[in-house]
**Student:** 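The structure that follows is given in the form of structure tokens.
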Amino acid sequence: MNGFAAVKFQAAQQDCVPCKQRDKCLRTPEKTKTRQVSFFHGKADGEPSFTNKMQARIDSPEGQAKYGRRFATVEPVFGNIRHNKQLNRFTLRGQKKVDAQWKLYCLVHNIEKLAHHGYAQ
């Protein structure tokens, strides 16, 4: 089913229609004839999931080197904006307004970096 290995069970109509638990078992018992259940077992062709692929990439020596550099480039920015600028949550609603507020905080962060590194002199 959609590229995943699955075991699908379907009740026989002769068993499902007279059942007393029909109203609890089915969402729309007036429309649905029988109960169907699928149990998924991962990718059908033996291909690992995206999570397993990413874990293998991060666990490789090259992945560990890249992940280690992340703490020197990305994480301090979010830490500064969240802790020092106290942007724990957005005060506006709506994607455009939140995007504008985020960009404003990033702009302040970048201007502060320029000022601290002597660009303003």
Side-chain angles (χ1 to χ4, degrees):
M1 296 177 69
N2 296 332
F4 289 90
V7 178
K8 186 174 183 179
F9 296 99
Q10 183 171 356
Q13 195 168 352
Q14 63 191 16
D15 297 329
C16 200
V17 172
C19 181
K20 294 178 183 176
Q21 301 292 327
R22 186 174 171 80
D23 293 338
K24 296 178 185 175
C25 187
L26 300 171
R27 288 187 190 146
T28 54
E30 61 280 351
K31 293 181 184 177
T32 309
K33 293 182 182 180
T34 60
R35 173 72 183 207
Q36 296 179 9
V37 179
S38 298
F39 296 99
F40 293 95
H41 300 292
K43 289 284 188 181
D45 56 0
E47 184 179 327
S49 67
F50 290 114
T51 305
N52 292 340
K53 285 181 183 179
M54 194 63 195
Q55 186 175 10
R57 286 179 68 183
I58 289 175
D59 289 344
S60 70
E62 182 184 348
Q64 288 179 351
K66 283 184 179 179
Y67 196 73
R69 286 195 305 260
R70 176 187 171 101
F71 294 106
T73 57
V74 177
E75 299 294 336
V77 175
F78 291 117
N80 179 35
I81 290 174
R82 183 170 183 185
H83 183 72
N84 297 337
K85 309 283 186 295
Q86 297 180 351
L87 181 66
N88 295 328
R89 63 179 60 177
F90 292 102
T91 56
L92 304 171
R93 297 291 174 254
Q95 189 170 356
K96 286 183 180 180
K97 292 178 186 176
V98 167
D99 188 49
Q101 187 177 5
W102 174 251
K103 287 178 181 174
L104 182 64
Y105 271 88
C106 290
L107 180 73
V108 168
H109 171 80
N110 288 329
I111 290 173
E112 230 175 37
K113 270 173 66 174
L114 291 172
H116 287 264
H117 290 295
Y119 185 77
Q121 293 177 359

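Note that the coordinates shown come from a computational prediction; the quantities given were computed from them, not determined experimentally.
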**Student:** Answer yes or no: are there more than 12 heavy-atom neighbours, outside Q95 itself, under 6.0 Å from its atom CD?
**Tutor:** no
**Student:** Give the minimum heavy-atom separation between P29 and D23, together with the two atoms involved.
**Tutor:**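 So the minimum-distance heavy-atom pair works out to CG-OD1, 3.6 Å.
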**Student:** Suppose we screen for side chain to side chain contact (heavy atoms under 4.5 Å, CB included). Which residues come up paired with C25, at least two apart in sequence or across chains?
**Tutor:** R35
**Student:** Please report the interatomic distance CG(D15) to CD(Q10), rounded to the nearest 0.5 Å.
**Tutor:**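 Reported to 0.5 Å precision, the distance equals 11.5 Å.
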**Student:** With N84, which residues qualify under side-chain hydrogen bond (donor to acceptor under 3.5 Å, both in side chains), at least two apart?
**Tutor:**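 Partners of N84 by the side-chain hydrogen bond (donor to acceptor under 3.5 Å, both in side chains) criterion, ordered by chain and then number, come out as N80.
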**Student:** Consider only side-chain heavy atoms of I, L, V, M, F, W and Y, link residues closer than 4.5 Å, and tell whether Y67 and M54 are in one cluster.
**Tutor:**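 In one cluster: no.
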**Student:** Anything under 3.5 Å between a donor and an acceptor, one on a side chain of residues 56-64, the other on a protein residue two or more places apart or in another chain? List them.
**Tutor:**
residue : atom : partner : partner atom : Å
S60     : OG   : R57     : O            : 2.8
S60     : OG   : G63     : N            : 3.1

**Student:** My understanding is that only residues two or more places apart in sequence, or in another chain, count here; which of them pass side-chain hydrogen bond (donor to acceptor under 3.5 Å, both in side chains) with T28?
**Tutor:**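 By the side-chain hydrogen bond (donor to acceptor under 3.5 Å, both in side chains) rule, T28 matches T32.
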**Student:** What is the distance from atom OG1 of T91 to atom NZ of K97, rounded to the nearest 0.5 Å?
**Tutor:**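 Nearest 0.5 Å value for the OG1-NZ distance: 10.5 Å.
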**Student:** So, using side chain to side chain contact (heavy atoms under 4.5 Å, CB included) as the criterion, who are the partners of F90 when residues are at least two apart?
**Tutor:** L87, V98, Q101, W102
**Student:** Listed by chain and number, what are the side chain to side chain contact (heavy atoms under 4.5 Å, CB included) partners of Q14, not counting sequence neighbours?
**Tutor:**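 Scan of Q14 (side chain to side chain contact (heavy atoms under 4.5 Å, CB included), adjacent residues dropped) gives A12.
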**Student:** With sequence neighbours excluded, what pairs up with P76 under the side chain to side chain contact (heavy atoms under 4.5 Å, CB included) test?
**Tutor:**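 With sequence neighbours excluded, P76 shows a side chain to side chain contact (heavy atoms under 4.5 Å, CB included) to no residue whatsoever.
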**Student:** Just to verify, what does K85 make a salt bridge (Lys or Arg N to Asp or Glu O under 4.0 Å) with, not counting sequence neighbours?
**Tutor:** E112
**Student:** Could you list the residues that satisfy salt bridge (Lys or Arg N to Asp or Glu O under 4.0 Å) with K96, not counting sequence neighbours?
**Tutor:** none
**Student:** For K31, what residues pass the side-chain hydrogen bond (donor to acceptor under 3.5 Å, both in side chains) criterion, not counting sequence neighbours?
**Tutor:** none
